[in-house]
Amino acid sequence: MKKLVIPLLFTFLIVVTGFSQTTYKSLNGFSQLDAKNMISPFQALNSQAPQKTSVWFDKKIINNMIKLLKSEVAQKKTDGIRIYFAYDNSHNETVIVVSTYNSGVPNSKSEEKDTYHEDYYDHLSMAALFNMKYSNGTAFPISGLPCHDDCGGGAVLYGPSPGGDDASCDSASPHYLTKLQCETMVQYFVQNTTNINSTGEWFDIDMIKAFAKESSKIKHYDGIRFYFARHPDTPARYKYLRDKDAFVVVTTQSTVDPKVHKDYFNCKEALAIYNDLKYFKMQKNEKASFAITSNGQDNGELCPSNCDN
């Protein structure tokens with residue numbers, strides 16, 4: 001029987017190691033090397049303004065992103081995500097989504113007087129996010145679905161559309177954008193012919209959590225869309241955002257056509273479910289009760305002024 005001890009121990013170590021293997025990927029599934037190669041064309045800030053671009057993510061992907069980030073908070077001090085402008089292998093515009101942690105190191109370049117939010121790519125390979133499958137067992141793509149037009153009528157911000165803000169929308173959120181602001185930013189990006197002047201944008205983890213919580217309760221939510229956008233060169237709540245390239249983030253809803261994911265602007269329905277949700281603390285330690293993400297969201301921290309170290 002003693003001869004079985006070493007083989008059994010070896011088998012046990014293999015099993016344990018298998019469950020703790022590390023994968024080096026972005027949150028939307030690209031290897032660390034591929035992700036950096038896709039980001040690098042924008043790093044020199046000399047990329048020409050691209051065509052209309054938005055990238056849609058299924059809510060199942062967002063929910064699994066959040067599960068992974070929440071599981072890493074204690075060990076890694078996870079504090080948010082960074083969305084990078086990027087090119088795919090065919091040189092079409094897309095995004096890379098990367099997890100970040102709070103380094104605790106003050107960022108002297110930051111206009112927000114913040115600390116560095118360092119990128120990290122190391123995650124458990126067994127995480128649900130990296131093992132998503134369809135019911136038939138085939139892999140579920142998590143890279144996001146880019147499109148360079150109105151996405152079959154789903155991306156409504158490229159032109160005027162009915163509906164919009166109502167009294168239920170809470171403008172106290174630092175990320176909140178009115179529908180008109182969303183349209184202005186998205187259309188300004190398309191109209192602008194100058195070079196891209198940002199490389200990416202950081203968002204706190206609570207903003208993405210709010211999307212996930214809201215979508216779990218409002219069943220016809222089916223995902224979120226990241227638009228390439230640009231802040232207008234006019235007075236704004238945050239002066240450092242003026243005339244800077246950024247992202248407008250909106251929730252989407254399912255339609256009769258399963259391929260069309262339509263932007264969703266309805267704070268009233270979200271408020272009925274989350275009228276007491278508190279997820280964000282204002283800088284003056286005030287607790288806010290908004291977390292209503294059914295209008296656009298932005299006002300994150302932009303690279304190159306506030307990036308990783």
Side-chain angles (χ1 to χ4, degrees), residues 20 22-30 32 35-36 39 42-43 57 61-86 95-125 127-130 172-176 198-213 224 226 237-241 244-247 249 277-291 293 297-309:
S20 61
T22 300
T23 186
Y24 292 86
K25 291 182 178 180
S26 69
L27 290 174
N28 57 331
F30 294 99
Q32 183 173 358
K36 291 188 174 183
I39 294 166
F42 286 94
Q43 292 291 351
F57 288 88
I61 300 172
I62 300 301
N63 290 338
N64 278 328
M65 280 187 187
I66 288 299
K67 287 179 183 178
L68 177 59
L69 295 174
K70 288 171 67 175
S71 73
E72 295 175 339
V73 169
Q75 181 183 5
K76 297 181 179 292
K77 298 182 180 179
T78 304
D79 64 355
I81 64 170
R82 180 167 283 117
I83 307 168
Y84 284 102
F85 295 98
V95 295
I96 296 293
V97 185
V98 181
S99 50
T100 66
Y101 70 91
N102 185 352
S103 68
V105 178
N107 182 356
S108 60
K109 297 184 296 183
S110 169
E111 296 180 80
E112 300 95 320
K113 309 300 181 186
D114 205 350
T115 57
Y116 282 109
H117 308 288
E118 295 277 4
D119 295 350
Y120 70 90
Y121 288 82
D122 52 312
H123 306 281
L124 288 180
S125 58
L129 176 63
F130 304 122
S173 165
H175 297 299
Y176 173 82
S198 300
T199 56
E201 185 168 14
W202 178 85
F203 293 105
D204 57 89
I205 191 173
D206 286 328
M207 192 195 83
I208 308 301
K209 282 182 181 178
F211 275 114
K213 288 178 180 178
I224 62 176
F226 295 97
R237 186 189 309 181
Y238 303 106
K239 294 181 180 179
Y240 51 81
L241 298 177
K244 295 293 179 63
D245 293 301
F247 294 97
V249 191
L277 181 62
K278 297 179 180 180
Y279 86 103
F280 187 85
K281 292 183 179 180
M282 302 296 284
Q283 291 182 353
K284 296 182 179 179
N285 294 322
E286 298 173 358
K287 291 185 177 180
S289 59
F290 38 85
T293 57
Q297 303 282 293
D298 185 53
N299 302 329
E301 298 176 5
L302 294 172
C303 292
S305 61
N306 199 344
C307 304
D308 58 353
N309 208 341

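We use all heavy atoms of the structure for the numbers below, so side chains are in, but hydrogens, waters and symmetry mates are not. Everything numeric here is computed off the predicted structure, so don't read it as measured data.
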- With sequence neighbours left out, what residues match Lys70 under side-chain contact (heavy atoms from CB on, under 4.5 Å)? Ile66, Lys209
- Item | Residues forming a side-chain contact (heavy atoms from CB on, under 4.5 Å) with Thr23, sequence neighbours excluded | Lys25, His123, Ser125, Phe130
- Message: Is it true that Glu201 and Tyr84 share a donor-acceptor pair across their side chains at a distance under 3.5 Å?
- Response: no
- Mind running side chain to side chain contact (heavy atoms under 4.5 Å, CB included) on Ser26 and Ile96 for me, showing each step along the way? CA-CA 7 Å; Ser26 69; Ile96 296 293; 3.8 Å; yes
- Contacts of type side chain to side chain donor-acceptor pair (under 3.5 Å), residue Tyr24, not counting sequence neighbours: none
- Message: Asp79: which residues meet the side chain to side chain donor-acceptor pair (under 3.5 Å) condition with it, sequence neighbours left out?
- Response: Thr100, His117
Compare all side-chain heavy atoms of [X] with those of [Y] and state whether any distance is below 4.5 angstrom.
X	Y	result
Thr199	Phe85	no
Tyr120	Lys77	no
Ile208	Ile62	yes
Ile81	Leu27	yes

- Item | Arg82 side, atom CZ; Ile39 side, atom CD1 - distance, nearest 0.5 Å | 10.0 Å
- Message: Would you compute the distance between atom CG of Asn28 and atom CE of Met65 and round it to the nearest 0.5 angstrom?
- Response: 5.5 Å
- Who pairs with Lys76 by salt bridge (Lys or Arg N to Asp or Glu O under 4.0 Å), at least two apart in sequence or on another chain? Asp122
- For Phe226, the ring-ring contact (aromatic ring centres under 6.0 Å, His included) test, sequence neighbours excluded, returns Phe57
- Phe247 ring center near Phe203 ring center (under 6.0 Å): no
- Task: Apply side chain to side chain contact (heavy atoms under 4.5 Å, CB included) to Trp202 and Asp204, showing your working.
- Result: CA-CA 7 Å; Trp202 178 85; Asp204 57 89; 3.7 Å; yes
